[in-house]
Amino acid sequence: MSSLDLYQRDLLRAAADASHAGRLPRPDGSATVNNPLCGDKITIDITLAPDNTLSAYTHETEACVLCQASAGLIGSTLEGATATLITETHQAVTQVLEQGSGTLPTQAKGFGIFAAVTDHTARHACVLMPFEALTQAVKDAQAKTGNSS
Amino acid sequence: MSSLDLYQRDLLRAAADASHAGRLPRPDGSATVNNPLCGDKITIDITLAPDNTLSAYTHETEACVLCQASAGLIGSTLEGATATLITETHQAVTQVLEQGSGTLPTQAKGFGIFAAVTDHTARHACVLMPFEALTQAVKDAQAKTGNSS
Amino acid sequence: MTSFDPLAFRNHFPAFAAMRDEGRDFHYLDSGASTLVAAPVIAAMADHDTRLRANVHRSVHYWAEQATQAFEAARDTLAAYFGTPRAEIVLTSGTTQALNIIAYGLSDGLQTGDEVLVAADNHHANIVSWQIHAAAKGATITPIALTPLGQIDEDALAAQLTDKVRIVALSHISNVTGWEVDLNKIGSMIRAKAPNAAIIVDGAQSACHWPLFETALPDLPIDFYACSAHKMFGPTGVGMFWGRSDLMENMPPLLGGGEMITNVSFDGTGFAQPPTRFEAGTPPITQAIGFGAAVGFLTGLDHRAIRAHEVTLAATLAATLAAQPPLDTTILGGADFSRDRAPLVSFAITGCHPHDICQLADRSGVAMRGGHHCAQPLMGHFGLLASTRASIAGYNTPDDMDAAINAIKDAINLLKGT
Amino acid sequence: MTSFDPLAFRNHFPAFAAMRDEGRDFHYLDSGASTLVAAPVIAAMADHDTRLRANVHRSVHYWAEQATQAFEAARDTLAAYFGTPRAEIVLTSGTTQALNIIAYGLSDGLQTGDEVLVAADNHHANIVSWQIHAAAKGATITPIALTPLGQIDEDALAAQLTDKVRIVALSHISNVTGWEVDLNKIGSMIRAKAPNAAIIVDGAQSACHWPLFETALPDLPIDFYACSAHKMFGPTGVGMFWGRSDLMENMPPLLGGGEMITNVSFDGTGFAQPPTRFEAGTPPITQAIGFGAAVGFLTGLDHRAIRAHEVTLAATLAATLAAQPPLDTTILGGADFSRDRAPLVSFAITGCHPHDICQLADRSGVAMRGGHHCAQPLMGHFGLLASTRASIAGYNTPDDMDAAINAIKDAINLLKGT
Ligand SMILES: Cc1ncc(COP(=O)(O)O)c(C=O)c1O
Ligand SMILES: Cc1ncc(COP(=O)(O)O)c(C=O)c1O
């Protein structure tokens with residue numbers, strides 16, 4: 001039933017978006033996260049601008065469509081974003097998953113497709129995994145550059 | 001219901017039989033056994049004749065009526081018995097408990113009162129405890145005297 | 001004073017109707033061992049096993065999703081009942097497994113010279129688990145002394161509290177005397193004098209009436225609390241513990257298996273965060289759902305009224321037994337049930353063995369428990385090997401007390417009459 | 001050839017009627033995780049909780065006596081099913097707890113330099129338990145290599161077997177590939193070349209059809225065998241292990257608490273004989289009774305006919321999937337189900353994630369499991385992170401296979417179509 005909505009065209013499109021796939025040659029920070037339930041894996045590379053905005057982002061994802069879509073959307077909507085916006089988006093997406101709705105930052109409205117995942121609690125982790133990896137990668141970069149917001 | 005039979009007069013009489021209560025001054029062997037379920041305790045002292053018959057037997061019992069009766073009956077029926085008769089009686093009493101009937105050695109017919117305990121599996125250990133202590137005391141005596149049957 | 005009606009309360013427990021149908025006298029005074037099961041619990045479990053049986057946390061199909069949600073909803077119900085964050089509730093197979101998980105996990109940090117203080121009124125579950133796991137690390141297990149009534153001797157405890165004390169294992173309510181420990185008071189004393197100590201509380205006998213204590217678990221000066229569903233109108237096979245997450249995060253898991261890992265390889269395995277870390281393997285799913293139903297049922301009760309009712313019955317029974325003129329009857333912990341005490345009446349009558357009393361009382365359908373109640377050190381404190389315990393719950397009535405008193409008198413007559 | 005009728009078999013499982021009433025498509029292909037529950041199991045547990053709820057081994061009253069007898073009768077049923085002495089059956093909360101009890105108990109005798117061989121096709125429960133408990137004693141945990149199909153590589157194993165090997169941990173049937181280990185053959189080889197090794201077998205996936213093996217457990221060259229009721233048409237929250245008494249007698253208990261002691265004091269605690277030593281605390285009483293009912297139900301079945309039916313379905317499914325022309329589909333362990341194999345069809349389709357396949361299949365009521373199946377080393381052996389598993393039981397039908405195949409095709413179309 002709601003699986004129908006789950007795999008809507010926008011989601012599949014976001015998952016297929018290969019524009020940020022791969023690895024960065026010289027990342028400021030990287031992180032790999034895996035999902036203990038299914039073994040899925042995502043590796044994220046980033047660079048941070050001096051003002052701490054996300055200047056470059058790539059992901060290498062061995063995972064389901066939901067995780068891929070989430071990783072893809074991060075690329076298409078959050079490259080250039082401030083740390084604050086990233087955190088806000090992460091929180092808003094979590095809320096969308098838990099409650100089926102939530103106020104997403106304007107730039108990140110695309111994540112609204114994940115409202116269809118609400119009832120599928122086993123899949124929440126799939127959507128959030130890229131955010132966790134991103135958060136860790138940002139920490140990694142800040143630790144390496146000694147630059148913290 | 002069958003509790004009525006359980007506490008029959010013969011049982012209470014056997015339990016009250018104090019003739020073998022207490023400790024021996026110079027036992028050949030001794031053993032203390034306790035019941036992990038209720039904490040009950042029995043200590044048995046024995047002496048063995050050169051032919052390995054049970055020449056003296058006493059018990060010190062902090063236990064229920066069933067255990068006391070069993071310890072009392074051992075005194076009144078098995079003093080003077082051979083090791084074989086003791087083992088046979090032990091086995092026959094176990095069978096009486098498990099099946100409600102069994103062929104007791106002629107000298108040990110008195111243990112037939114324990115047929116009423118059959119349905120009360122939680123109490124089987126109470127009846128058998130004195131036999132276990134007796135078996136250990138015999139082993140103890142044999143180990144000390146270097147005399148084994 | 002109280003509007004609590006025990007006969008109406010019985011309607012929640014199908015055992016009464018079943019025993020009536022069987023024509024069996026039924027005076028159940030063994031709720032301290034296991035309470036009867038409430039109807040909504042039996043129904044919730046049968047329904048789950050019929051309609052939504054599937055393993056949890058593993059699959060994305062409808063049945064697994066529903067089973068997982070029901071299982072996690074049970075965790076929410078428990079968290080709400082005890083006022084804890086949901087992530088601090090670990091589901092276990094019972095109090096015993098819970099205490100062993102805690103003992104193993106906390107013992108990891110122990111070394112020779114460290115002290116583990118264990119209240120001497122504890123159930124074996126809160127003694128032997130420390131003997132096994134803390135002793136393996138070289139820690140010393142020392143009993144906390146008791147007063148003549150079997151309560152914690154606060155002066156003695158105060159003298160034992162030092163920097164070296166790493167663990168203090170307490171029982172909230174003794175399963176023999178019913179005496180309740182003032183966790184605020186004792187916990188604060190421990191915090192003040194033994195700042196390195198984690199405080200573990202066996203809540204098996206207090207969890208059924210948690211609302212009585214009018215506090216959230218995390219607001220007490222304690223660190224862990226364990227209980228079992230089968231003493232809370234719930235099923236066997238399930239229990240839980242609450243633990244502070246900062247402590248749990250440093251605890252290694254006692255049980256390794258599915259679900260409790262982040263990744264497994266022969267080069268090294270990573271463990272998940274609590275509570276998952278401590279929930280290895282397929283959990284008792286249906287039972288957790290039954291536990292949730294039981295605690296949902298408990299949440300709706302007037303615990304104050306029920307406790308007043310229970311304690312009135314206990315006090316009557318204790319007073320009547322203590323007054324048996326020619327007999328040497330001891331009520332373990334004394335006959336005063338006026339405060340800080342759960343309705344457990346344990347007694348010893350010189351010359352009448354508890355097993356014989358219980359067996360004879362069984363003739364009239366009076367179900368009591370005789371033995372050491374898995375509290376041998378406490379029995380030893382009272383100079384006894386065993387005692388008889390009548391433990392009372394909301395569904396008991398004055399009629400049950402009369403039946404017990406008569407049955408005990410008959411038993412004494414028979415046992416002493418010869 | 002076989003007179004087994006899966007539709008008639010469904011009458012034993014109330015889930016089918018319930019789903020029909022709810023109007024819900026129901027193609028349950030997740031029995032490898034948890035089977036459905038048989039009607040007599042649900043009934044036995046509700047009846048016990050209603051009429052005979054009491055704690056076991058503790059009281060002498062009617063209800064406790066009946067509960068104890070029912071609990072011990074369940075042990076007898078298990079012993080008869082597996083052909084073991086009753087005293088060698090230990091009731092646990094499941095396979096995972098069983099394996100941890102065994103791992104802890106056997107690890108007591110280990111020291112640095114000792115080797116523990118762990119088959120790489122094992123479920124995490126039979127890997128992590130050794131990593132936790134044997135590694136604590138300094139033993140080395142070494143994987144047993146696998147053939148390309150995921151079976152134990154016998155030559156590699158032969159080369160690993162020495163006097164230093166103290167433990168060999170095997171899985172009777174892999175929960176991913178369904179491949180069955182010939183315990184007679186492998187066990188004899190281990191006995192011959194590693195005479196100091198205890199052989200532990202995870203039977204979670206084989207216990208449901210034990211009569212197929214036509215042997216009593218003690219007659220096999222193995223020492224321990226563990227399983228869970230929830231994979232045997234029984235309840236969650238209970239399992240068991242069989243162990244040789246001479247080995248069990250020397251094993252210390254993982255869990256300390258009530259019932260498993262001879263006496264408790266602060267000067268020292270004595271442990272009871274097996275099986276009691278390993279059954280600390282209130283056991284999963286109602287669940288053990290449900291387990292007994294499940295195994296009683298299993299005892300009456302024609303396992304050969306059921307297995308033939310199951311394997312026919314598995315072979316069809318595997319062959320159809322393997323034949324999907326344009327897709328790169330791997331059947332883990334190969335598509336040959338003609339012998340020594342349980343009906344578990346795990347597959348991977350390049351570019352289609354198992355979670356997506358399972359989620360999409362759920363639309364048509366097809367319940368499969370996607371993930372690493374708690375067997376990450378085996379997944380790694382196949383070069384995969386995850387796979388989709390359809391696991392089949394007697395109540396499955398050709399219609400279920402058709403539904404699964406169609407659902408998988410639809411999922412692929414959707415996932416590949418963009
Ligand atoms: C082969 C195997 N071993 C062990 C287990 C663990 O069993 P449980 O989760 O019931 O403890 C399972 C099931 O998940 C299994 O399939
Ligand atoms: C105070 C106390 N602690 C621990 C336990 C053990 O609980 P369980 O047997 O459910 O593990 C009990 C009950 O037997 C108890 O009364």
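Letters A, B, ... mirror the listed sequences (proteins, then strands); counts begin at 1.
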Check His230(D) against Arg53(C) and note the closest heavy-atom contact, atom names and distance. O-NH2, 2.7 Å

Going from OG on Ser59(C) to CG on Asp362(D), what distance comes out if it is rounded to the nearest 0.5 angstrom? 10.0 Å

Sort out for me which of Val41(D), Ile42(D), Thr95(D) touches chain C most, counting heavy-atom pairs under 4.5 Å. Ile42(D)

Of the listed residues (Gly239(C), Gly365(C), Ala43(C), Ala64(C)), which shares the most heavy-atom pairs with chain D below a 4.5 Å separation? Gly365(C)

Closest heavy-atom contact between Cys374(D) and Glu259(C)? SG-OE2, 3.7 Å

Can a donor-acceptor pair be found, under 3.5 Å and without considering hydrogens, that links the side chain of Thr236(C) to the backbone of Thr286(D)? yes

For chain C, find which of Asn55(D), Val264(D), Thr96(D), Ile141(D) contributes the most heavy-atom pairs closer than 4.5 angstrom. Val264(D)

Residue list, ring pair (Phe, Tyr, Trp, His ring centres under 6.0 Å) with His372(C), at least two apart or on another chain: His124(C)

Nearest 0.5 Å please: distance from the SG atom of Cys358(D) over to the NE2 atom of His61(C). 8.0 Å

My understanding is that only one of Leu255(D), Leu254(D), Ile132(D) makes a side-chain contact (heavy atoms from CB on, under 4.5 Å) with Leu255(C); could you say which? Leu254(D)

Max heavy-atom pair count under 4.5 Å with chain C, selected residue of Pro377(D), Ala18(D), Ser93(D): Pro377(D)

Can you give me the closest heavy-atom contact between Ala119(C) and Phe266(D), atom names plus distance? O-CZ, 4.4 Å

In terms of heavy-atom pairs under 4.5 Å with chain D, the winner among Ala125(C), Ser34(C), Pro283(C), Ala288(C) is Ser34(C)

